[in-house]
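Quantities reported herein were computed from a predicted structural model and do not represent experimental measurements. By convention in this document, chain letters (A, B, ...) are assigned in the order of the sequence lines, proteins followed by strands, and residues within each chain are numbered from 1.
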Protein chains: 2
Amino acid sequence: MEQLNNISSEQELIIQKARKRIIESMGKNMELYGITQSIGHLYGLLFFQNKPMTLDEMREAMEMSKTSMSTGVRTLVDLKMVNKVWEKGSRKDLYEVEMDWFQTFSDYFSLKWRKALEINLSSLRKSKVELNQLSQQYPDDTALQGILQTDINKIDEAIRYYKWLDRLIDSFETEEIFNLVPKDLP
Amino acid sequence: MEQLNNISSEQELIIQKARKRIIESMGKNMELYGITQSIGHLYGLLFFQNKPMTLDEMREAMEMSKTSMSTGVRTLVDLKMVNKVWEKGSRKDLYEVEMDWFQTFSDYFSLKWRKALEINLSSLRKSKVELNQLSQQYPDDTALQGILQTDINKIDEAIRYYKWLDRLIDSFETEEIFNLVPKDLP
DNA sequence: TGTTTTGTACAGTTTTTACTGTATAAACAG
DNA sequence: CTGTTTATACAGTAAAAACTGTACAAAACA
């Protein structure tokens, strides 16, 4: 690891232990971000690396295959948790963590939430149209109307929720959320 | 399904199709809530059921084992997405969905986020103490101090992020979030 | 109390996901 | 252009998760 060769091994041990605690804690909790424990661990490793890392360095540190490092780091890049960086002279790809966790957090949940929102909202609306058409077709069928009204009410309530979620996501994407819930207390 | 026997089979078909689209859409997106597709599907089934359901009814509708229904519905109850309800006369357990999706959403993410927050914050603080101690022990070792400062800065930035997340979760739990991002636009 | 019904623990099976090693395509240096 | 290095596609294997059926314990009823 980077400049740790300038200090005593006793000191290094303490630092490594302190880092390891955090890295493993990250690894455990990264399932929240839908990533596996070992990819979470990889993230933690990159977090404390003070320079960009190559796939071979990761492979060595993680004691895993290069293929796993390649797919793992790609996942992290897709989630914008890690960035690919360029360094002249090196023909290896280099990666480093995105240090802005506020950004990472809002990127991740914006992405996931919006994906679910779009699919669900589209289904809800399509079904609502069909039920409304059926309703207009048999306006005097009270049994039918009762059922339809129940379903349409549920759909409307769901749509109401998704409209709210849409605005919440907007507040993440525009960073308005940091006005509403400030990064630091005054 | 409940009162669907009072209407023509042609009408029922349209309703079932409309429901099915939504249920399957839910099933697909429920992985966001860390639940499997079939449990998501079960949730969707319960969503359109207009009365509480027993395990046996679920098993029949889902064409799955009763054991799976038992574990599946238990997962949903743990996540507060489904409630166990009591009905005199029946000695079977009955379940129905929590219809307040705002509540479901904030319960789920409060729970998950807070769990991760507590574990990570605790590791970060513990490691920070150790690094600070090491720093005070060798105040003149510039190589060491450089490394320590870098690590401590990272830890501080992470702590800053978690403090923010803590306040965000608070706003979910106190429902203050609905003042900041209102459920309905005026 | 004994009898019946209901939910779940547990072990075994199937399916899915994570991971590895090799083979190959793409990128680069000379 | 040729030779070398690097990342990844792919097929196979190992590990994990989802699901099932049986067997049993807890609860409800008579």
Practice task
Please work out if Ser38(A) contacts a base, only the sugar-phosphate, or nothing of the nucleic acid, heavy-atom cut-off 4.0 Å.
Solution key: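 Sugar-phosphate, backbone atoms only, no base.
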Donor-acceptor pair, [X] side chain versus [Y] backbone, under 3.5 Å?
X: Thr36(B); Y: Ile39(B); result: no
X: Glu98(B); Y: Asp100(B); result: yes
X: Gln11(B); Y: Ser8(B); result: yes

Exercise for the section: Could you note down all residue pairs passing side chain to side chain donor-acceptor pair (under 3.5 Å) where residues 173-184 of chain B supplies at least one of them, sequence neighbours left out? Expected result: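 Applying side chain to side chain donor-acceptor pair (under 3.5 Å) to every pair that reaches into residues 173-184 of chain B, excluding sequence neighbours, yields Arg160(A)-Asp184(B), Arg114(B)-Glu173(B), Glu176(B)-Asn179(B).
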Practice task
Could you tell me which residues satisfy salt bridge (charged side-chain N to carboxylate O under 4.0 Å, His left out) with Glu130(B), sequence neighbours excluded, listed by chain and number?
Solution key: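 In terms of salt bridge (charged side-chain N to carboxylate O under 4.0 Å, His left out), with neighbours along the sequence ignored, Glu130(B) is linked to Lys17(A), Arg21(A).
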Problem - Set of salt bridge (charged side-chain N to carboxylate O under 4.0 Å, His left out) partners for Lys128(A), sequence neighbours left out - result: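 Salt bridge (charged side-chain N to carboxylate O under 4.0 Å, His left out) check on Lys128(A) returns Asp156(A).
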Practice task
Would you please test Phe105(A) and Trp101(A) for ring-ring contact (aromatic ring centres under 6.0 Å, His included) and show each step?
Solution key: CA-CA 6 Å; Phe105(A) 176 87; Trp101(A) 284 12; over 10 Å; no
Under 3.5 Å, which N/O atoms of the protein pair with N/O atoms of nucleotides 4-7 of chain D?
residue: dT5(D); atom: O4'; partner: Arg91(A); partner atom: NH2; Å: 2.6
residue: dA7(D); atom: OP1; partner: Asp93(A); partner atom: N; Å: 2.7
residue: dA7(D); atom: OP2; partner: Lys66(A); partner atom: NZ; Å: 3.3

Exercise for the section: For the residue pair Phe172(B) and Trp113(B), categorise the inter-ring angle as parallel (less than 30°), tilted (30 to 60°) or perpendicular (more than 60°). Expected result: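 Phe172(B) and Trp113(B): tilted rings.
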Practice task
Give the ring-plane orientation class for Tyr161(A) versus Phe102(B), where under 30° counts as parallel, over 60° as perpendicular and anything between as tilted.
Solution key: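 Ring orientation of Tyr161(A) relative to Phe102(B): perpendicular.
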Practice task
Give a yes or no on whether a salt bridge exists between Asp170(B) and Arg167(B), defined as a side-chain N under 4.0 angstrom from a carboxylate O.
Solution key: no
Exercise for the section: Return the angle between end axes of the helix from dT1(C)-dA30(D) to dG30(C)-dC1(D), with five pairs used per end and rounding to 10°. Expected result: 30°
Handout entry: Quiz item: Thr67(B) side-chain donor-acceptor pair to dG21(D) base, under 3.5 Å
Key =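 For Thr67(B), whose side chain was compared with the base of dG21(D), there is a donor-acceptor pair (under 3.5 Å).
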Practice task
Verify the contact: side-chain N or O of Arg74(A) to OP1 or OP2 of dA9(D), cut-off strictly under 4.0 Å; return yes or no.
Solution key: yes
Completion exercise
Contacted region of DNA chain C by chain A, from 5' end to 3' end of the hits, cut-off under 4.0 Å to heavy atoms, spans dC19(C) to dA29(C)
Handout entry: Distance in angstrom units between Arg59(B) CZ and dC19(D) P, rounded
Key = 16 Å
